[in-house]
Amino acid sequence: RQHLGGSPSEKRMSTFRAKPFVGTGRGTGRGVRKLKLKNFVKTQVSETTRQQSVDTLIEAVRAIHSRTPIDNTLEILYKEVEATCVQGGSEELYTRLRTLCKEHLESVWDDLRKHTCKPPLEFIRHADSCWNRHCDQMVIIRGIFLHLDRSYALPTPGVEPLWEMGLVLLRDEVMGQREILSPVQAALLGAVQSDRVGERIDRSMLKRLLKMMDDLGLYTDHFETGFLSQSSVFFESESKTKMDALEVPAYIEYAEMRLREEASRADQCLKIETRKPLLIEIERHLIAEHVTEILSKGLCVMLEEERLDDLARLYRLFRRISAEAVLIRGVTVYATERGKTIVLDETRDKFMIDDLLALKLKLDHVVKGPFESSAPFVDCLRITFQDVINRRHNRPAEMVAKFFDGKLRTGYKECTEEQLDEIFDRVMVLFRYLNGKDVFEAFYKQLLARRLLLQKSASDDAERSILSKLKHECGAVFTAKLEGMFKDVNLSVDLTATFRLTARRKVTSSIDMSVNVLTASNWPTLAPSDVALPSEIVELQAVFTEFYCGKHANRKLVWEPFLGHCLVEGHFEKGSKDFTMSMYQGLVLLAFNAADSYSCADLQKLLRIEPADLARVLQSLACGKVRVLAKVPKGREVVATDIFRVNEKFENKHKRVKINQIQMKETATENAATQEKVFADRAFAVDAAIVRVMKARKKLAHNQLITALFEQLKFPVKPADLKKRIENLIEREYMARESADNSVYTYVA
């Protein structure tokens with residue numbers, strides 16, 4: 001049964017269907033008979049009879065209002081209404097019906113007024129009961145007087161249809177009266193407030209009463225305005241109390257719960273138009289007014305502890321008030337500060353890339369999970385890491401190269417192939433952010449040379465995988481020399497095999513020698529060394545040189561023993577051992593075939609190895625895990641006067657023993673040398689930038705030119721280096737100084 005917010009549904013009282021009439025003629029000329037319709041003739045009814053009908057109807061209405069049985073059936077009453085209207089009694093009937101309804105509602109008002117002194121909840125229950133009875137009664141009355149409603153009320157201007165008449169009377173005579181309206185308003189607001197604080201309230205009753213207020217035209221002015229004001233005051237006070245008492249994760253959980261509760265209450269009870277302003281008001285007090293405090297007190301903690309559920313909740317709340325930009329700034333500040341701490345901490349350079357990867361992985365989880373891969377957050381993360389990793393000139397690029405080196409040396413010992421490839425992909429993201437990719441190339445080439453020549457690479461597949469990723473990222477030109485290094489090593493294997501089959505027979509020495517022939521332009525330049533080699537090795541070198549130059553005319557071989565390695569057999573009291581070691585380590589051990597002991601200074605004169613390199617070699621042989629030599633006096637440090645002799649009591653359970661080198665830490669001088677080499681390669685880019693700026697500006701002061709170059713060059717560069725390139729271009733007559741002011745340059749066409 002529908003009776004709220006409009007007139008009740010109507011049923012047709014009768015149905016007519018027309019069928020074609022076909023007649024049959026009796027004679028030859030007769031055809032279809034025609035049907036003739038005559039005008040309806042009104043039956044004349046006396047005034048007394050009509051008045052009796054009206055009285056019968058009025059008594060029926062009184063019985064409906066008093067909830068007593070009706071003497072006649074509804075069908076009879078409907079026909080009485082129809083007959084009265086047909087006889088012209090519509091206006092009188094309508095007037096008497098309206099008067100009767102008004103009198104009844106006056107008694108309803110009196111009844112409600114008596115209940116205003118009762119508790120609010122009991123009062124609104126009685127008001128709900130009155131409203132339900134009124135609706136039920138008006139449905140029955142309209143059903144009886146349906147013909148009056150259709151034939152008189154609806155077509156006549158200024159006359160209210162029966163259902164609207166009942167609503168207007170209820171509003172004017174009962175609910176709109178101050179004595180009733182004020183208690184109803186207060187009781188409804190109190191019921192909502194009780195529901196908010198957890199008291200059990202009949203929401204269906206609340207919904208009916210608010211629907212009544214809406215139907216009577218009282219909802220907006222006499223409920224919604226006060227309700228929104230009350231909600232604003234309540235949540236403003238409660239949000240401040242909760243913010244002071246709760247941690248941020250607990251507060252945002254509370255805020256989301258409150259919003260969910262209010263949305264549910266609005267959907268169940270309130271008018272749909274009230275939902276939006278209500279939630280906007282609540283969002284303002286719960287979220288918008290506390291944005292700064294939420295971010296300052298809780299965002300960093302949630303990001304640091306990777307509390308994904310709380311971050312997802314925070315993102316949903318900020319999205320409700322269109323504050324994603326504020327959240328993005330908060331995430332940017334956190335990522336920047338954490339990234340700067342990692343990159344600028346020189347004491348933890350060794351762990352820089354691991355820490356950056358951990359930070360990037362953590363923030364990726366946050367962006368992909370709680371922040372739903374939102375494009376602004378993805379862009380924010382990319383820009384932030386690109387800024388952070390370039391805060392320190394060149395060093396991050398160097399550490400990325402060294403990180404790759406460490407993983408390629410261990411290979412699949414620490415992780416599976418899939419895990420290693422995943423790590424490489426993550427590091428390539430950091431590599432993509434680097435401005436100084438040429439610095440990475442310089443260091444990576446040096447480290448790759450050591451891995452290839454010392455056979456330290458754990459997996460050729462992993463090496464090829466890195467090259468493929470670098471080629472995809474930077475192009476074929478970037479990896480051309482690196483690929484050339486692999487090609488040289490592979491060709492050297494075939495070349496050595498050919499040498500052993502042919503020219504090796506010219507030498508009677510039992511030493512087996514393998515040679516790597518390297519293209520100078522592909523490989524990093526090594527400092528020249530004049531190490532004293534055994535005569536057998538010198539003889540093999542001469543034979544190989546003759547063999548190689550015979551195959552390749554106009555080529556010159558320069559021998560570099562520094563990165564060589566060898567297998568040396570040693571005989572001790574407890575048996576013989578085979579030692580795998582570097583060339584320098586082998587040269588030191590072979591020297592003890594001629595004498596029982598040497599001082600460090602004597603070995604340096606004999607072998608002509610650089611003092612720093614010799615000290616590291618002696619440390620590895622006498623102070624490491626495998627102590628083939630004995631040192632006097634004992635100790636870790638090696639000085640020129642220390643005496644070394646063979647450790648005759650050396651023993652090891654393995655037949656073949658590997659002696660590792662002690663890695664020399666990169667000195668500031670060597671690092672600076674690498675940086676200078678990188679800048680030398682950048683000189684062409686700097687020259688091009690200077691000429692481009694001067695050609696566009698024609699005339700420029702020194703400081704203005706330097707500023708313009710800093711804006712154009714993507715890699716870090718020192719002002720002193722830029723000044724050197726400017727002087728070089730002046731010498732080459734690309735630009736000139738002003739005669740009146742030496743600090744001003746002019747472009748020479």
Taking E398 first and then R395, would you say they form a salt bridge - that is, a charged N and a carboxylate O separated by under 4.0 Å? yes

One pair to check against side-chain contact (heavy atoms from CB on, under 4.5 Å): V515 and Y548. What are the steps and the verdict? CA-CA 11 Å; V515 181; Y548 184 80; over 6 Å; no

Is a salt bridge present between R432 and E473, judged by a nitrogen-to-oxygen distance below 4.0 Å? yes

Apply side-chain hydrogen bond (donor to acceptor under 3.5 Å, both in side chains) to residues K487 and T519 and explain how you reach the verdict. CA-CA 10 Å; K487 184 178 180 181; T519 305; over 6 Å; no

Minimal heavy-atom distance between P370 and A312, with the atoms involved, is CB-N, 3.3 Å

A quick test of your reading: do over 12 heavy atoms of other residues, nucleotides or ligands sit less than 6.0 Å from NE2 of H552? yes

Count the heavy atoms belonging to other residues, nucleotides or ligands that lie under 6.0 Å from CD of Q604, then report whether that count exceeds 12. yes

Y433 backbone acceptor or donor facing N390 side chain under 3.5 Å: yes

Look at K469 together with D421 and state whether they make a salt bridge at an N to O cut-off of under 4.0 Å. yes

Nearest heavy-atom approach of V378 to S373 is CG2-O, 4.0 Å

Could you measure the distance from the SG atom of C474 to the CZ atom of F440? Nearest 0.5 Å is fine. 8.0 Å

Determine, for E441 against K437, whether the closest basic-nitrogen to carboxylate-oxygen distance falls under 4.0 angstrom. no

Would you say T498 and K551 are linked by a side-chain donor-acceptor pair, where the criterion is simply a distance under 3.5 Å? no

Any non-hydrogen side-chain atom of D642 less than 4.5 Å from a side-chain atom of L618? no

Donor-acceptor contact below 3.5 Å, side chain R392 vs main chain V343: yes

Do M694 and L729 come close enough that some side-chain heavy atom pair is under 4.5 Å? no

Minimum side-chain heavy-atom gap M352-L356 below 4.5 Å: yes

Any side-chain donor near an acceptor of the partner, S620 and Q585, under 3.5 Å: yes

Return yes if a side-chain donor-acceptor contact under 3.5 Å exists between T347 and D345, otherwise no. yes

Going by side-chain contact (heavy atoms from CB on, under 4.5 Å), L357 matches just one of I353, D355, L361. Which one? I353

Should D310 and R313 count as an ion pair when the cut-off is N to O under 4.0 Å? yes

With rounding to the nearest 0.5 Å, note down the distance linking CZ in R627 to CD in E651. 14.0 Å

For residues S374 and V367, determine if any side-chain heavy atom of one lies less than 4.5 Å from a side-chain heavy atom of the other. no

Using the rule given for ring-ring contact (aromatic ring centres under 6.0 Å, His included), can you reason through Y444 versus F403, listing the C-alpha separation, both sets of side-chain angles and the distance that settles it, and then say yes or no? CA-CA 10 Å; Y444 188 83; F403 181 87; over 10 Å; no

For S582 and C566, work out which heavy atoms get closest and say how close. O-SG, 3.5 Å

Side chains of V429 and K360: closer than 4.5 Å at any heavy-atom pair? yes

Working to the nearest 0.5 Å, report the span between CG of L589 and CG of L621. 5.0 Å

Would you say that F443 contacts N394 through its side chain, given a criterion of any heavy-atom pair below 4.5 Å between the two side chains? no

Dump the intermediate steps for side-chain contact (heavy atoms from CB on, under 4.5 Å) on N516 and D488, then the final yes or no. CA-CA 7 Å; N516 284 313; D488 287 345; over 6 Å; no

Between S457 (side chain) and R451 (backbone), is there a donor-acceptor pair under 3.5 Å? no

Which is it for F592 and F644 under the ring-ring contact (aromatic ring centres under 6.0 Å, His included) test, yes or no, and what are the steps along the way? CA-CA 9 Å; F592 285 92; F644 296 88; 7.8 Å; no

Report yes or no: does T336 contribute a side-chain atom to a donor-acceptor pair with the main-chain N or O of T332 at less than 3.5 Å? yes

Judged by atom type as modelled, is there a donor-acceptor pair below 3.5 Å linking the side chain of D613 to the main-chain atoms of E610? no

Residues E324 and R329 bridged, charged N to O under 4.0 Å: no

Ignoring hydrogens and geometry, is there a side-chain-to-backbone donor-acceptor pair from S459 to A462 under 3.5 Å? yes

is_close_aromatic(F318, F371), centroid dist under 6.0 Å: no

Check: I609 and V617 side chains under 4.5 Å, non-hydrogen atoms: no

Rounded to the nearest 0.5 Å, how far does CG of N647 lie from NZ of K631? 14.0 Å

Which label fits F547 and F499: parallel for a plane angle under 30°, tilted from 30 to 60°, or perpendicular past 60°? tilted

Give a yes or no on whether a salt bridge exists between R409 and D405, defined as a side-chain N under 4.0 angstrom from a carboxylate O. yes

So, does Q419 use its side chain to make a donor-acceptor pair with the main chain of T416 at under 3.5 Å? yes

Look up atom CE in M428 and atom CD1 in I423, then write down how far apart they are to the nearest 0.5 Å. 14.5 Å

Counting only heavy atoms not in K413, do more than 12 fall under 6.0 Å of its NZ? no

The complete set of salt bridge (Lys or Arg N to Asp or Glu O under 4.0 Å) pairs with one or both residues in residues 553-567, sequence neighbours excluded, reads none

Show, in sequence, the C-alpha distance, side-chain angles and deciding distance for Y315 and F377, and conclude whether the ring-ring contact (aromatic ring centres under 6.0 Å, His included) test is met. CA-CA 11 Å; Y315 175 68; F377 282 95; 5.6 Å; yes

Flag, side chain of T410 to backbone of G406, donor-acceptor distance under 3.5 Å: yes

Under the side-chain contact (heavy atoms from CB on, under 4.5 Å) criterion, do M735 and I690 qualify, and how do the steps go? CA-CA 9 Å; M735 51 194 296; I690 295 172; 3.8 Å; yes

Quick one: does L430's side chain get under 4.5 Å of P396's, heavy atoms only? no

Among side-chain atoms of R692 and Q712, is any donor-acceptor pair under 3.5 angstrom? yes

R656 CZ: over 12 foreign heavy atoms closer than 6.0 Å: no

Taking E304 first and then K362, would you say they form a salt bridge - that is, a charged N and a carboxylate O separated by under 4.0 Å? yes

Under a 3.5 Å cutoff, is there a donor and acceptor pairing between the side chains of S514 and R500? yes

Please answer whether the main-chain N or O of I706 pairs with a side-chain N or O of K723 as donor and acceptor at a distance below 3.5 Å. no

Lys/Arg-Asp/Glu bridge criterion (N-O < 4.0 Å) met for K471, E483: yes

Can D721 and K718 be counted as an ion pair, charged N to O under 4.0 angstrom? no

Keeping the roles fixed (side chain from E417, backbone from Y412), state whether a donor-acceptor pair exists under 3.5 Å. no

Enclosure of E637 CD (heavy-atom neighbours >12, cutoff 6.0 Å): no

Drop me the distance from L363's CG to R338's CZ, to the nearest 0.5 angstrom. 9.0 Å

